[in-house]
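Remarks on the structure that follows.
Computed from heavy atoms alone, side chains included, the values below leave out hydrogens, waters and symmetry copies. Chain A is the first sequence line, chain B the second, and so forth, proteins listed ahead of strands; every chain is numbered from 1.
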Number of protein chains: 2
Amino acid sequence: MDNIAQLKDNGLKVTGPRLKILDLFETHAGKHLSAEDVYRILLEEGVDIGVATIYRVLTQFEQADILLRHHFESGKAVYELNQGDHHDHLVCVKCGMVAEFHNKEIEDLQDKIAEEHGYRIVDHALYMYGVCGGCQKKEKHR
Amino acid sequence: MDNIAQLKDNGLKVTGPRLKILDLFETHAGKHLSAEDVYRILLEEGVDIGVATIYRVLTQFEQADILLRHHFESGKAVYELNQGDHHDHLVCVKCGMVAEFHNKEIEDLQDKIAEEHGYRIVDHALYMYGVCGGCQKKEKHR
DNA sequence: GTATATGCAAAACTTTTGCATCCTT
DNA sequence: AAGGATGCAAAAGTTTTGCATATAC
């Protein structure tokens, strides 16, 4: 399904800002971008979209399951393209690099725990914070 | 160790605001309070501590490992007393109720995954979002 | 007495909203 | 033509900071 159809299927009109923002996330698949990141990157490309529009579009895309929203420790929301493959995150606290992983055993255990507590799960987020290999090497050189 | 010793051990002077805030979290052990919650609850008790002080104390307590900070989906930080027993969170998206759990199998799997990716883990956060039993019952009555 | 902590107000930062204008269908 | 989308600026919410005063040690 192309971008235009994806917007139409969600009842969203096909507009310049929406296509630009969607395209940006496809170009940066796997990256986690804040609203300000989106604004800045587009501006560098000569595309000036108002921040209000960016926030509105990001919210709409999240509701349409086009994007996933996360809250890492930074205090601001970041978004990434929803590629269907659920995954969790390993975030480097030094350089910010994010590694992704998926582990079915953990997922199954989570479902079991939710059931035991009487919860019907709608979403979950597993974030691990650590120091990545590259930054560990740098530490030794100090 | 009492509260006064706990503050001193972290190089923090023993002041009224710090004792009041620490006491509040002990009274509400297991609860997740935002800076504003702390301000409001203390005010209801007749204790007026400026918000700037609350933010500063919460940050210091987090650095001293007295409190744990979380970022649920709400967009603002919440804190809870660090009782040493690491646990994860099941958050009800309807009523905000938080259930806690601990699962050693999941922890072990996380350690294994971090190792495979070359990360030295410093922290992790597993949040599950769902609808709790109470809210599921309410849904049926509509 | 000295260093640190607090309170207040202002500021910084992220996100939301009102409203006039513009664009998609 | 009509409803929805955008841009701008103002506002709202959260958190930080500068500075004078107050407090702990």
Side-chain angles (χ1 to χ4, degrees), chain A residues 2-24 32-43 45-64 66-79 96, chain B residues 2-24 32-43 45-64 66-79 96:
Chain A
D2 66 2
N3 292 349
I4 292 177
Q6 196 171 9
L7 293 177
K8 283 185 177 164
D9 282 4
N10 283 291
L12 298 169
K13 287 185 177 172
V14 179
T15 66
R18 287 188 182 137
L19 285 173
K20 288 284 195 309
I21 293 172
L22 184 47
D23 187 57
L24 177 66
H32 301 79
L33 306 176
S34 68
E36 209 221 321
D37 292 335
V38 172
Y39 177 73
R40 186 180 34 75
I41 295 173
L42 288 177
L43 207 57
E45 296 176 358
V47 179
D48 189 349
I49 299 175
V51 284
T53 299
I54 293 182
Y55 279 100
R56 278 186 288 235
V57 170
L58 291 178
T59 302
Q60 290 158 348
F61 282 6
E62 191 210 350
Q63 285 165 358
I66 295 172
L67 296 180
L68 298 174
R69 182 171 65 163
H70 304 286
H71 279 98
F72 295 150
E73 286 186 339
S74 71
K76 59 183 180 180
V78 294
Y79 296 82
Chain B
D2 67 0
N3 292 349
I4 292 176
Q6 196 170 11
L7 292 178
K8 283 184 179 165
D9 281 5
N10 284 291
L12 298 170
K13 286 185 177 173
V14 179
T15 65
R18 287 186 181 138
L19 285 174
K20 287 285 194 310
I21 292 172
L22 183 46
D23 187 59
L24 177 65
H32 301 78
L33 307 176
S34 67
E36 210 222 320
D37 292 334
V38 172
Y39 177 74
R40 185 179 36 75
I41 295 172
L42 288 176
L43 206 59
E45 295 176 359
V47 178
D48 190 348
I49 300 175
V51 286
T53 298
I54 293 183
Y55 278 100
R56 279 186 286 235
V57 171
L58 292 178
T59 302
Q60 291 157 349
F61 283 6
E62 192 210 349
Q63 284 164 0
I66 296 172
L67 296 180
L68 299 174
R69 182 171 65 163
H70 304 286
H71 279 99
F72 295 150
E73 287 187 337
S74 70
K76 57 182 180 182
V78 295
Y79 296 82

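- When distances run from any side-chain atom of B:Lys76 to the nucleotides D:dT14, C:dT15, D:dC8, the shortest one goes to D:dT14.
- Checked for salt-bridge contact, A:Lys20 and A:Asp23 miss the test: no charged N lies under 4.0 Å from a carboxylate O.
- Distance CD1 (B:Ile4) to C1' (D:dA24): 12 Å, rounded to an integer number of Å.
- When distances are taken from the side chain of A:Arg56 to each of C:dT14, C:dT17, D:dC19, the shortest belongs to C:dT17.
- Inter-residue side-chain proximity for A:Asn10 and A:Phe61 is flagged as unmet; no heavy-atom pair is nearer than 4.5 Å.
- Side-chain nitrogen and oxygen atoms of A:Thr15 include at least one within less than 4.0 Å of the OP1 or OP2 phosphate oxygen of D:dT6.
- Looking only at distances, no side-chain donor or acceptor of A:Thr53 sits under 3.5 Å from a matching main-chain atom of A:Ile49.
- Both B:Ile54 and A:Glu36 lie near DNA chain C, and the one whose nearest nucleotide falls closer to the 5' end is B:Ile54.
- Computed from coordinates, the A:Tyr55 OH to D:dA10 P distance equals 18 Å when rounded to whole Å.
- In the set C:dT16, D:dT6, C:dT6, C:dT16 carries the atom at the smallest distance from any side-chain atom of A:Thr59.
- Under the 4.5 Å side-chain criterion, counting only non-hydrogen atoms from C-beta, B:Tyr79 is in contact with B:Leu58.
- Minimum atom distance to the side chain of A:Ala35 is reached by C:dT15, of the listed D:dG7, D:dT15, C:dT15.
- Position along DNA chain D of the nearest nucleotide to A:Leu12 versus B:Gly16 favours A:Leu12 as the more 5'-ward residue.
- Between B:Leu7 atom CG and C:dT4 atom P there is a gap of 16 Å when expressed in whole angstrom units.
- B:Arg18 comes within contact range of the sugar-phosphate backbone alone, with a heavy-atom separation under 4.0 Å but no base atom that close.
- Here A:Val14 lies in heavy-atom contact (under 4.0 Å) with sugar-phosphate atoms only.
- Atom-to-atom, OH of B:Tyr39 to P of D:dT16 comes out at 17 Å; the value is rounded to the nearest Å.
- A:Arg18 places a side-chain N or O within donor-acceptor distance of the main-chain N or O of A:Lys13, the cut-off being under 3.5 Å.
- Protein atom NZ of B:Lys8 is 20 Å distant from nucleotide atom P of C:dA3, rounded to whole Å.
- Residue B:Thr53 places its side chain closer to C:dG7 than to any other of C:dT17, C:dA5, C:dG7.
- Regarding A:Arg40, its CZ atom lies at a distance of 14 Å from the P atom of C:dC13, rounded to whole Å.
- For A:Ala77, counting side-chain heavy atoms from C-beta on, the closest listed nucleotide (C:dG7, C:dT16, C:dT15) is C:dT15.
- At a threshold of 4.0 angstrom between heavy atoms, the contacts of B:Lys13 include nucleobase atoms, whether or not backbone atoms are also involved.
- Taking atom CG on A:Leu19 and atom P on D:dA5, their separation rounds to 13 Å, with Å as the unit.
- Going from atom CD of B:Gln60 over to atom C1' of C:dT6 covers 11 Å, rounded to whole Å.
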